[in-house]
Each structure stands twice: as C-alpha cells, then as structure tokens.
Number of protein chains: 2
Amino acid sequence: MHVRRPATLASLAAELGVSRTTVSNAYNRPDQLSPELRRRVLETARRLGYPGPDPVARSLRTRKAGAVGLLLTENLSYAFRDPAALGFLEGLALACEGAGQGLHLVPVNPEREDVAAVHRAGVDGFVVYSVPDDDPHLAAVLSRPVPTVVADQPTVEGVDRVGIDDKAAITALADRLIALGHRRIGVICMRLARDRNDGFVSVDRQHSAHFHVQRSRLAGLQGAFGAVGVDWARVPVVERFDHSTASGASAAAQLLDADQDVTALICTSDILALGALTEAKRRGLRVPQDLTVTGFDGIPDGERVGLTTVRQPVLEKGRAAGKLLLASVDPTRPREITLDTELVLGSTSAPPRTADERWFGP
Amino acid sequence: MHVRRPATLASLAAELGVSRTTVSNAYNRPDQLSPELRRRVLETARRLGYPGPDPVARSLRTRKAGAVGLLLTENLSYAFRDPAALGFLEGLALACEGAGQGLHLVPVNPEREDVAAVHRAGVDGFVVYSVPDDDPHLAAVLSRPVPTVVADQPTVEGVDRVGIDDKAAITALADRLIALGHRRIGVICMRLARDRNDGFVSVDRQHSAHFHVQRSRLAGLQGAFGAVGVDWARVPVVERFDHSTASGASAAAQLLDADQDVTALICTSDILALGALTEAKRRGLRVPQDLTVTGFDGIPDGERVGLTTVRQPVLEKGRAAGKLLLASVDPTRPREITLDTELVLGSTSAPPRTADERWFGP
DNA sequence: AATTGGTTCTGAACCGTTACGGTCAGTCCA
DNA sequence: TGGACTGACCGTAACGGTTCAGAACCAATT
C-alpha cells in the first residue's frame with residue numbers, strides 16, 4: 001500500500017491506456033469520443049477518485065478564471081451592513097450568477113496598504129466599488145491586464161464606469177429645499193479622503209476630496225445654494241470617517257452646537273441622516289417643523305421613517321456593473337452607464353420656521 | 001510595430017538576460033538576489049508593462065488559490081436579504097480577510113442542477129452553508145480534494161461542521177411556552193426539501209426532511225410537547241418554500257383558518273414570525289394577549305418588535321466556519337463547533353387566554 | 001480502385017509560474 | 001594555501017490541464 005497521490009488526468013489516461021486528450025474530451029467534449037469509451041473513462045475516474053480536471057490548471061490553459069473580482073476598500077463589515085453597498089453587491093452577484101461567473105471578494109485590509117491580494121486574485125476582471133482616487137489597491141487593479149469597471153467612483157480615464165449623476169441629483173434636492181425657503185443650512189458628509197478628519201471641513205478640503213461622489217455632491221450643493229446668494233464659505237460642513245448612524249448623530253450634534261440657526265441638515269447619505277434624526281430628537285427638535293433633515297440613497301430604513309432623500313437604484317447599479325464587465329469582449333458596448341435617480345419627498349422636510357416662530361412658537 | 005503579446009516572466013528574463021528564477025525571486029524572495037538587480041528587474045517590468053506573476057499560473061505551481069469558496073444553494077437574493085445569512089456571510093468574510101484569503105461566491109443556479117461551477121472554482125476549500133442533505137452541489141464539493149466545512153446543515157460523515165444545537169435551543173423555547181400554559185400550538189417552518197410544498201406537513205415529511213436544521217427543530221418541538229401529552233399528529237405544521245415575511249403571513253393565515261383555537265404560533269425563523277405577526281395584526285388578534293408568536297435567529301428586525309425568539313450568534317458562526325476551514329492543516333483543530341444560543345423572551349409571548357376569556361374577554 | 005467524408009483517437013506544443021538542487025566566484029579563517 | 005562557507009544566480013522539471021493538426025480506420029461514394 002502506497003501513499004496515493006491524487007489522480008490526475010494523466011494518471012487516469014495511463015490507467016486506461018488512452019491519451020490525455022481523450023480523457024480531457026470525456027469531460028469537455030463528449031461528442032469527440034465514443035459513448036462507450038466515455039463511460040469507461042468516467043467510471044475509471046470514479047474508481048480512482050479523480051475529481052475531474054483541476055480548475056486552476058484549466059484556467060491557466062484557457063486563460064479564463066470564471067470569476068469576477070470585487071474590490072472595496074472598506075472594512076468588509078461595511079459592505080455587509082450598509083444597505084446601499086449591500087444592494088450593489090446583490091445586483092453584482094445576480095449578474096455574475098446569470099453568467100455563471102463566480103464573485104471573488106478581494107480581501108483588503110483597510111489599515112495596511114497590502115496590495116498583494118489584488119495580484120493574487122485569479123479573476124477575469126474587476127469591479128471596483130467606491131474607492132478613493134488615490135487608492136493603491138485601485139492602482140494595482142488597473143495594472144493588471146484584465147477589464148475593469150468602476151462603480152460610483154473614482155472616474156478614471158479610459159476605464160468603464162457605472163454610476164449616477166451625483167451633482168444633478170443633489171441639485172434637485174437642494175433646489176427643493178431652496179424653494180421651501182431654506183438658506184441657512186448645514187451639511188454632513190462621508191469621508192473625503194483616506195485620512196480621518198472628523199470635524200468641520202474647509203472649502204479647500206471639499207474641493208480636493210479624493211472621493212468623487214462626495215466631491216460632486218458638495219459641489220452640487222455649493223452651486224445650488226450659491227445661485228441664490230448663499231456664501232458657501234459660511235456653510236458648516238461636517239465630515240465623518242466612519243459611515244454609521246452614530247457618526248451621523250455626533251456630526252449633527254457638532255454642527256448644531258456650532259450653529260443654532262441652521263434650518264436644514266443635508267446629509268450625503270441616508271445612514272448619516274438617520275443618525276441626524278436621532279440627535280434632533282434627543283435635542284427636542286421636531287422634524288420637520290424645527291429642522292429639516294435629508295439623506296441620500298433611498299435605503300429601506302430611511303423610507304420607513306419617511307426620510308426626504310434621493311433614491312438611487314443600487315441593485316441595478318451592481319447588476320449594470322456586472323453586465324458591463326462581462327460584456328467587455330464586445331467593443332460596441334457602452335463605456336459608461338449613468339443611472340437615473342429620483343427625488344423622494346418624505347416627511348422630514350418642510351419650510352423653515354420664521355425667526356418669529358423660532359422664538360415665540362408657531 | 002507588432003501586436004504586443006503581454007509580457008511574461010520569461011520574456012522579462014530574456015530581456016534582462018537573467019533566468020526566470022531570478023525574476024521570480026525578484027517578486028517573491030527579495031533576499032535571493034542583489035538589491036541592484038532587483039531594482040533593474042522591477043524597472044524593466046514597469047517598462048515592459050509586466051504586471052507581475054500571473055496569479056493563476058502561480059496558483060497552479062504552488063497549489064494554493066488563496067481563496068475560499070462559499071456554496072449556498074439558494075437564490076442569491078436570499079443570502080443578501082436574510083439577516084441571518086448575511087451575518088454568517090459577514091463573519092466568514094471577516095475570517096477570510098483576516099487570513100488574507102479571498103472569498104469566492106460560487107454561482108449556483110437554484111433551478112438547474114448545474115454542478116459545473118463547483119468544479120470550475122479555483123479555491124483552497126469550501127464552506128457550505130445551509131443546503132439540503134441531497135444537494136448535488138454539495139456532492140460536487142465533497143468530490144473535490146479540498147477541505148470543506150459545513151455550516152448548520154447537513155451533517156455529513158467525516159466533514160467538519162459549525163452549528164448550534166437546534167434541538168436543545170428550540171426545546172428551551174418550547175418548555176417556556178409549555179410553562180406559560182400553551183398546549184394548542186401551530187408551527188410554521190421553512191422548506192423541508194427541495195420540492196415546493198406550501199401547505200400542511202405530514203409527520204412523515206417532517207421526519208424525512210432534507211434540511212437537518214428544520215428537522216431538528218420540529219423534532220425538538222415534538223419531543224417537548226409530546227412530553228406534556230400533546231399529540232403531535234394533531235399539531236398543524238405549515239411549510240413554506242420561500243423564506244420571506246410574506247410567506248410567514250400566508251402560512252399564519254392558512255394555519256389560523258384551519259385551527260382557530262391555536263394559542264401560539266411557533267415559527268422556525270424570525271422572518272416567518274414577523275410575517276405571522278403581520279397576519280395576526282391584520283386579523284385583529286392582539287399579540288401576546290390573543291396569540292403568542294415566536295421566532296428563531298434573533299435578527300435586528302425581530303428585536304425591534306420584541307419578538308420572543310432564540311438568538312444564535314450568526315456572525316460568530318460565519319467566522320468560526322472560516323477559521324475552521326483555514327485551520328485545516330492543523331490536525332489538532334476541533335472537527336466540530338457548536339455555538340451557544342440564548343432564549344430571548346420578548347413581548348410576543350404570554351400565557352394563553354382561557355376559554356372563558358376567549359369568548360367573553362378578559 | 002481510388003476518393004471522399006466522418007468518426008475516433010493521438011502527439012506534441014503550450015499556458016506562466018515556482019520548487020529544487022545545483023554552480024560558481026568570492027570571502028573568511030586557520 | 002586550502003577548505004568551508006556564503007551570496008547570487010541558474011537549469012531543469014514539474015504543476016495539470018487544453019488545443020490543434022493530423023493519423024488511423026472504416027464506410028460510402030465515384
């Protein structure tokens with residue numbers, strides 16, 4: 001009795017006295033050999049415990065891994081807790097499933113800049129979701145000779161992209177608030193760069209933000225409110241590194257502490273807005289009578305509380321990213337997909353109270 | 001000008017006039033060559049557009065794919081919508097991330113029995129989550145010569161496993177309801193086999209269920225209630241193929257239509273229980289005064305409404321599965337991990353009304 | 001009898017890399 | 001001066017398949 005080395009296609013062929021080609025054909029091209037021989041091959045395979053052609057060896061030869069890589073430079077918990085990210089993930093997974101492709105989640109340690117995992121991933125292409133412009137992992141992905149689709153951000157020259165028109169979307173929201181009469185606003189946004197900066201944001205930092213999505217939304221707000229004479233340099237903008245309701249709450253607190261006269265809190269995500277709502281409640285501020293709060297994304301929890309927000313088709317975005325990537329062989333495919341968004345007017349927005357009302361009640 | 005074939009390690013070596021080994025070492029073992037030469041190699045690589053060693057070829061040679069496969073035989077939307085599955089996924093992802101391993105979601109079309117994707121996945125091991133005993137994909141996974149960990153179900157001889165003690169957990173719950181005085185109960189469970197059977201379940205089907213988890217829970221209930229003289233054959237058990245609140249609601253409706261005297265609805269998942277609560281409300285039944293409803297899992301939405309349930313550590317389960325798999329080289333590791341559960345007494349359970357109360361009010 | 005066509009199977013090249021066991025020149029030490 | 005040791009590099013042999021051009025054979029057609 002000897003140590004049994006796992007059977008290979010070659011050993012199986014030897015056992016049967018046929019060529020490796022024939023064994024290979026038994027698995028991949030049944031029409032290339034007689035049914036009888038094929039039966040024998042398969043039966044012998046079973047007997048020898050041969051599990052079928054090795055996927056890695058096959059991938060090497062065929063130059064196809066049968067999987068799509070997904071890169072997100074966040075703590076993984078983010079992807080599984082943030083409903084927007086989750087919707088994207090689901091859409092992407094559905095697209096992959098539909099094409100029989102695996103979905104390979106690239107392990108990224110957000111702390112360390114270890115790019116090796118990107119180089120180690122045996123995939124036919126990458127989807128990159130919402131990473132900063134200067135992310136080293138993104139650079140590693142782009143250095144690999146496989147098609148890539150970027151979702152949301154960043155915009156990279158010559159790389160396919162799926163996203164929404166962030167600026168237009170938030171402009172619609174801003175215009176609505178302006179129409180309601182809001183001029184004194186505060187903004188709560190997600191992280192703008194890879195460094196942690198939990199606090200107020202200079203206009204300069206806003207403009208040089210490494211997250212295109214956040215940059216666009218802030219720019220949209222600046223444009224809309226600037227058009228009605230609001231001096232953007234005086235608009236308080238608070239940034240939070242972590243994307244959570246707790247962050248939203250603390251940011252709202254920080255902002256309201258600094259500026260009591262704010263009539264509307266515009267948050268660049270629903271999660272942050274939900275936190276802001278909590279903080280407003282804690283302070284005894286009635287929403288929307290005393291304070292308007294808005295979000296961005298259109299997540300179920302936001303809908304539940306009637307949050308005024310911009311709804312974006314997250315699942316569709318993921319699916320589109322997957323389809324775009326998997327259609328990379330087709331030169332006529334679109335290089336960029338911009339999905340529609342929808343302004344959702346909920347019950348968290350209303351005209352601001354007048355100064356009189358603020359002091360003497362409605 | 002010729003079509004530039006992508007550079008390989010060999011072409012790079014040729015260009016430099018060194019051996020392939022040396023180029024390989026430049027990437028993998030910097031200490032094996034002089035810093036100067038290494039610099040030249042890397043620089044030439046950049047110049048030639050060589051993206052570093054091909055991951056697939058490397059995997060073939062090293063016999064390591066650097067990824068863990070995850071098999072779940074459900075509509076993928078299930079995995080991304082069911083909070084319990086999601087928690088598992090997150091835990092598993094964290095374990096993988098911690099070990100620098102990718103997580104490869106195997107694309108399974110639940111409709112077709114296409115096992116090819118399992119054979120095509122270049123992974124170092126599999127985690128199988130909650131599939132039926134007789135699942136062909138599971139068989140395909142087991143036929144592959146890589147370590148495998150099964151989560152929740154099924155129990156396969158000689159295969160590592162992570163799970164909870166379903167029977168004990170639900171017995172604790174049942175004992176509690178029994179102590180409260182419930183004898184006339186109804187049960188709503190998830191699918192028991194791969195065929196769709198939306199309706200009442202014979203005892204026979206219960207016992208031959210292909211989902212070990214459901215089988216154990218039903219058996220636990222039968223044992224507990226049998227011990228106090230309840231004739232299990234008369235206990236209505238309703239099965240639903242789809243796991244959704246809508247299913248829970250319709251199952252509750254079907255059950256309450258058939259048996260008005262039921263004082264408690266025991267659901268084998270929180271999702272189903274939430275649906276049952278909706279249906280109870282629709283009928284004007286007050287919970288828990290008129291009807292006790294219980295779940296299983298301990299998901300956030302359940303906690304929010306105060307659902308009486310069994311909480312299981314889903315994230316920890318995922319993490320444990322990952323760790324167990326990644327520790328496969330260690331022969332001293334445990335072969336089976338059973339995690340603790342916790343009975344959560346919420347506000348959806350109370351003593352049953354007496355017959356008098358039922359007719360004349362409390 | 002020669003040609004054609006079809007089926008079934010084979011041989012050799014190739015996919016791009018890393019493991020393993022060297023070689024070789026130079027240094028150190030007695 | 002000679003032997004052991006070290007650092008830097010190389011050659012060969014896998015790793016386990018797929019592919020493609022043909023070989024061999026047989027039956028049917030010309």
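Below, chains carry the letters A, B, ... as their sequence lines are ordered, and counting in each starts from 1. Excluded from the calculations below are hydrogen atoms, water molecules and symmetry mates; all remaining heavy atoms, backbone and side chain alike, are included.
Between the CD atom of Gln32(B) and the P atom of dG22(C) there is a distance of 16 Å, given to the nearest Å. The interatomic distance linking Arg38(A) (CZ) with dC9(C) (P) rounds to 12 Å, in whole Å. The distance between atom CD of Glu36(A) and atom C1' of dT8(C), rounded to the nearest whole Å, is 13 Å. In this entry the distance linking CG of Leu33(A) with C1' of dC9(C) reads 9 Å, nearest Å. Distance CG (Asn28(B)) to C1' (dC20(C)): 15 Å, rounded to an integer number of Å.
Under a 4.0 Å N-O distance rule, the pair Arg63(A)/Asp124(A) does not qualify as a salt bridge. Taking a cutoff of 4.0 Å between a charged side-chain nitrogen and a carboxylate oxygen, Arg333(B) and Asp160(B) qualify as a salt bridge. Under the 4.0 Å criterion applied to side-chain N and carboxylate O atoms, Glu113(B) and Arg194(B) are assigned as salt-bridge partners.
Under 4.0 angstrom from either OP1 or OP2 of dT18(D) there lies at least one side-chain N or O belonging to Ser24(A). For Ser59(B) and dT17(C), the shortest distance from a side-chain N or O to OP1 or OP2 is not below 4.0 Å. For dC10(D), the OP1/OP2 oxygens have a side-chain nitrogen or oxygen of Ser19(B) closer than 4.0 Å. Contact between the side-chain N/O atoms of Asn25(A) and the OP1/OP2 oxygens of dT18(D) is not found at any separation under 4.0 Å. Of the side-chain N and O atoms in Thr21(B), none sit less than 4.0 angstrom from OP1 or OP2 of dT18(C). Under 4.0 angstrom from either OP1 or OP2 of dT18(D) there lies at least one side-chain N or O belonging to Arg58(A).
At a cut-off of 3.5 Å, with distance as the only test, no side-chain donor of Ser24(A) or Thr21(A) sits close to an acceptor on the other residue.
Val56(B) comes within contact range of no nucleotide atom at all, as no heavy-atom separation falls under 4.0 Å. Residue-level contact check: Tyr50(A) touches the backbone only, with heavy atoms under 4.0 Å from sugar-phosphate atoms and none from bases. As judged by a 4.0 angstrom heavy-atom cut-off over every strand, Arg29(A) is placed among residues touching the sugar-phosphate backbone only. When heavy atoms are screened at a 4.0 angstrom cut-off, Thr62(B) is found touching the sugar-phosphate backbone but no base atom.
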Q | Pair Ser130(A)-Asp152(A), side-chain hydrogen bond (donor to acceptor under 3.5 Å, both in side chains): steps then yes or no | A | CA-CA 6 Å; Ser130(A) 207; Asp152(A) 282 352; 4.6 Å; no

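Summary of the strand contacts: Gly52(A) and Arg20(B) both lie near DNA chain D, and taking for each the nucleotide with the nearest heavy atom, the more 5' one is attributed to Arg20(B). Nearest-nucleotide mapping onto DNA chain D: of Asp31(B) and Leu60(B), the residue sitting toward the 5' end is Asp31(B).
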